[in-house]
Amino acid sequence: MECSPCEGLYFFEFVSCSALVVTGVLLLMFSLNLHTRIPQINWNLTDLVNTGLSTFFFFIASVVLAALNHKTGAEIAAVIFGFLAMAVYAVNTYLAIKKWRMNSRQQNSRQTSDYIRARTESREVDHRPEIQRLDA
């Protein structure tokens, strides 16, 4: 009832509830190994985007709420929670970036080794007798 400019509080509520729902769904999918049933989605990149956006929006929402709060205990606790949640999401973003880079390097090396193997096999085709018989 005492909240006259409540935009900061409403935005903070939206950010925290949205992050809870999206992160909860991803956590459930990873915990139950449901992500393996949908291999078309790059799950490492999905996790990276989720944590990066959550970090950004928790930072913005916490700064806005810190600037527009009414100095009540609940709002101060929410600001502290917001900055702590932002820090945790930032650490998770860092770990997700490391995992994403590691997987992209492995994929690139796998593609390179497949290319080298294919080139080697194509050079060996000329020396196979069954191929030479077809040419004759």
Side-chain angles (χ1 to χ4, degrees):
M1 296 293 180
E2 298 174 13
C3 183
S4 58
C6 296
E7 294 82 15
L9 183 62
Y10 293 154
F11 180 62
F12 186 85
E13 278 184 47
F14 172 75
V15 168
S16 59
C17 290
S18 299
L20 175 72
V21 169
V22 173
T23 304
V25 167
L26 288 175
L27 177 65
L28 187 66
M29 290 187 73
F30 286 129
S31 297
L32 298 176
N33 283 332
L34 297 175
H35 66 285
T36 58
R37 295 183 181 181
I38 310 172
Q40 295 85 2
I41 296 175
N42 185 345
W43 291 104
N44 292 329
L45 185 61
T46 302
D47 186 40
L48 173 63
V49 168
N50 174 50
T51 56
L53 287 176
S54 295
T55 302
F56 175 73
F57 283 118
F58 262 115
F59 176 72
I60 298 297
S62 298
V63 168
V64 168
L65 186 60
L68 299 178
N69 71 24
H70 297 94
K71 309 279 189 273
T72 63
E75 288 176 332
I76 293 171
V79 169
I80 292 170
F81 164 78
F83 282 116
L84 288 175
M86 182 210 61
V88 171
Y89 272 112
V91 169
N92 198 4
T93 301
Y94 171 74
L95 295 174
I97 288 171
K98 282 180 60 175
K99 186 175 182 180
W100 181 64
R101 284 183 179 169
M102 185 176 60
N103 284 344
S104 66
R105 277 190 218 132
Q106 287 176 350
Q107 188 176 21
N108 286 340
S109 67
R110 190 177 322 125
Q111 288 174 348
T112 303
S113 65
D114 287 345
Y115 171 73
I116 291 171
R117 183 180 49 79
R119 277 195 69 180
T120 305
E121 287 178 359
S122 69
R123 288 180 182 166
E124 293 172 356
V125 167
D126 297 334
H127 303 292
R128 293 174 52 189
E130 64 270 10
I131 300 297
Q132 290 175 357
R133 273 186 281 140
L134 292 175
D135 290 340

Calculate, to the nearest 0.5 Å, the distance between atoms [atom1] and [atom2] belonging to [X] and [Y] respectively.
{"X": "Thr36", "Y": "Met29", "atom1": "OG1", "atom2": "CE", "value": "9.0 Å"}
{"X": "Asn92", "Y": "Lys99", "atom1": "CG", "atom2": "NZ", "value": "10.0 Å"}
{"X": "Leu20", "Y": "Leu27", "atom1": "CG", "atom2": "CG", "value": "10.5 Å"}
{"X": "Thr46", "Y": "His35", "atom1": "OG1", "atom2": "NE2", "value": "10.5 Å"}

Tell me, yes or no, whether the heavy-atom count around [X] atom [atom1], taken from other residues, nucleotides or ligands under 6.0 Å, exceeds 12.
{"X": "Phe30", "atom1": "CZ", "value": "yes"}
{"X": "Phe11", "atom1": "CZ", "value": "yes"}
{"X": "Phe56", "atom1": "CZ", "value": "no"}

Hydrophobic cluster membership, with links at side-chain heavy-atom distances under 4.5 Å among I/L/V/M/F/W/Y: are [X] and [Y] in one?
{"X": "Leu84", "Y": "Phe81", "answer": "no"}
{"X": "Ile41", "Y": "Leu45", "answer": "no"}
{"X": "Val22", "Y": "Met86", "answer": "no"}

Over all atoms of both residues, closest heavy-atom pair of [X] and [Y]:
{"X": "Leu65", "Y": "Glu75", "value": "CD2-O, 4.1 Å"}
{"X": "Phe12", "Y": "Ala78", "value": "CZ-O, 3.1 Å"}
{"X": "Ala96", "Y": "Asp47", "value": "CB-OD2, 4.2 Å"}

Passing candidate, side chain to side chain contact (heavy atoms under 4.5 Å, CB included) with Thr55, options Ile60, Thr93, Val88, Asn50:
Thr93
Kindly say whether [Y] contributes a backbone atom to a donor-acceptor pair with the side chain of [X] at under 3.5 angstrom?
{"X": "Trp43", "Y": "Ile38", "result": "yes"}
{"X": "Trp100", "Y": "Leu48", "result": "no"}
{"X": "Ser16", "Y": "Glu13", "result": "yes"}

Do Glu7 and Tyr10 come close enough that some side-chain heavy atom pair is under 4.5 Å?
no
Parallel, tilted or perpendicular: rings of Phe58 and Tyr89 (30°, 60°)
parallel
